[in-house]
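Everything below concerns the one structure shown next.
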2 protein chains.
Amino acid sequence: MTVRTTRQRTAILDALTEADEFRSAQQWHEAMSRGGDRIGLATVYRNLQSMAEAGAVDAVRDEDGEVLYRLCHATGEHHHHLRCRHCGAAVEIEGPAVESWAAKIGAENGFTNIDHTMELTGTCSACAAKGL
Amino acid sequence: MTVRTTRQRTAILDALTEADEFRSAQQWHEAMSRGGDRIGLATVYRNLQSMAEAGAVDAVRDEDGEVLYRLCHATGEHHHHLRCRHCGAAVEIEGPAVESWAAKIGAENGFTNIDHTMELTGTCSACAAKGL
DNA sequence: GCACTTGACGAGAACGATTATCATTACTAC
DNA sequence: GTAGTAATGATAATCGTTCTCGTCAAGTGC
Ligand SMILES: [Mn+2]
Ligand SMILES: [Mn+2]
Ligand SMILES: [Zn+2]
Ligand SMILES: [Zn+2]
């Protein structure tokens with residue numbers, strides 16, 4: 001009686017599964033609406049956020065500050081992404097070397113409770129082939 | 001006669017120099033106004049952005065998506081930051097190991113034109129001493 | 001110093017992503 | 001089936017940031 005399985009939540013998961021790319025909440029909403037799903041924009045925002053908190057969805061910020069969501073494929077907890085700036089395709093990245101480096105840098109400077117964000121952006125081979 | 005030295009631009013540089021912390025455009029504007037400077041908010045935004053483009057100022061995004069600015073102290077071009085989440089104090093970081101790691105990861109996955117962002121956040125020793 | 005050109009300023013409107021409202025709907029447990 | 005309540009969605013509101021455009025003043029040439 002806490003998390004209910006609604007038609008909308010299922011539809012969002014379907015959409016995320018079909019298009020395996022990073023997209024904004026508005027883009028997901030638009031794609032779903034175009035695909036015939038009747039769903040409110042606020043519902044898309046709410047579910048993507050709760051899914052992200054639950055770890056089922058990854059959320060990153062693009063250079064314009066907008067939040068992009070994609071179904072998470074990683075097994076472990078903490079990881080990063082290499083994302084195509086053109087199509088949103090992405091690869092899950094683990095960087096143990098970076099993790100330890102960040103911790104060391106923090107300690108060296110007297111900082112505690114170190115946290116970090118890292119995002120790699122590039123042009124995927126498919127988009128490069130299209131001349132993007 | 002392209003870049004003019006205005007009273008406002010000078011005041012912003014003074015403010016940035018006095019308070020060596022990452023702050024939002026609105027925070028800088030508020031601090032300056034409180035300090036007696038008469039300056040428009042749009043002017044603060046414009047100058048911080050142009051200074052950031054020129055490399056004199058660093059701009060990062062906090063977890064809420066707001067952009068924070070601080071005078072840049074780095075000598076080289078590309079670098080990162082270790083920032084205190086409480087007071088905005090920050091240290092300029094160089095990470096050659098991370099740079100090459102990012103390039104390698106990109107190549108391994110068939111991505112080209114790799115770019116990356118990385119921000120370290122923590123609690124500085126001063127704020128830790130205050131129990132924050 | 002003085003007039004001129006035009007970059008820069010700033011008050012306020014506009015923008016746009018995201019969040020809050022709250023009446024209504026529809027899962028779920030029993 | 002029904003009650004209880006989580007979830008929805010149309011809409012308004014929020015808020016950081018950007019745009020407008022009339023006014024101002026920094027730089028320039030004399
Ligand atoms: Mn992931
Ligand atoms: Mn810097
Ligand atoms: Zn691509
Ligand atoms: Zn601090």
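Values below: every heavy atom of this structure, side chains too, minus hydrogens, waters and symmetry copies.
Remark: B/Arg70 engages B/Glu92 in a salt bridge, criterion side-chain N to carboxylate O under 4.0 Å. Look at A/Arg61 and B/Glu63 and you find no salt bridge, because none of the NZ, NE, NH1 or NH2 atoms lies under 4.0 Å from a carboxylate O.
Within the 4.0 angstrom heavy-atom criterion, no nucleotide atom of any strand lies near B/Arg61. Using a 4.0 Å heavy-atom criterion, one finds that A/Ser24 contacts no nucleic acid atom at all. Looking at heavy-atom distances under 4.0 Å, B/Arg46 makes contact with a base.
Nucleotide C/dT24 holds its C1' atom 13 Å from the CZ atom of A/Arg4, rounded to whole Å. B/His29 places its NE2 atom 18 Å from the P atom of D/dC15, with the value rounded to the nearest Å. The distance from atom CD of A/Gln49 to atom P of C/dA17 is 15 Å, rounded to the nearest whole Å. Going from atom CZ of A/Arg7 over to atom C1' of D/dG9 covers 11 Å, rounded to whole Å.
Taking the six-membered ring where the residue is Trp, B/His81 and B/Phe22 present perpendicular rings, their angle passing 60° and hence far from 30°.
Proximity of B/Tyr45 to the phosphate of D/dT17: a side-chain N or O atom is located under 4.0 Å from OP1 or OP2. The phosphate of C/dG10 has OP1 or OP2 within less than 4.0 Å of a side-chain N or O from B/Gln8. Regarding contacts with the backbone of C/dC9, a side-chain N or O of B/Thr6 is found under 4.0 angstrom from either OP1 or OP2. At the phosphate of D/dA26, neither OP1 nor OP2 sits under 4.0 Å from any side-chain N or O atom of B/Thr5.
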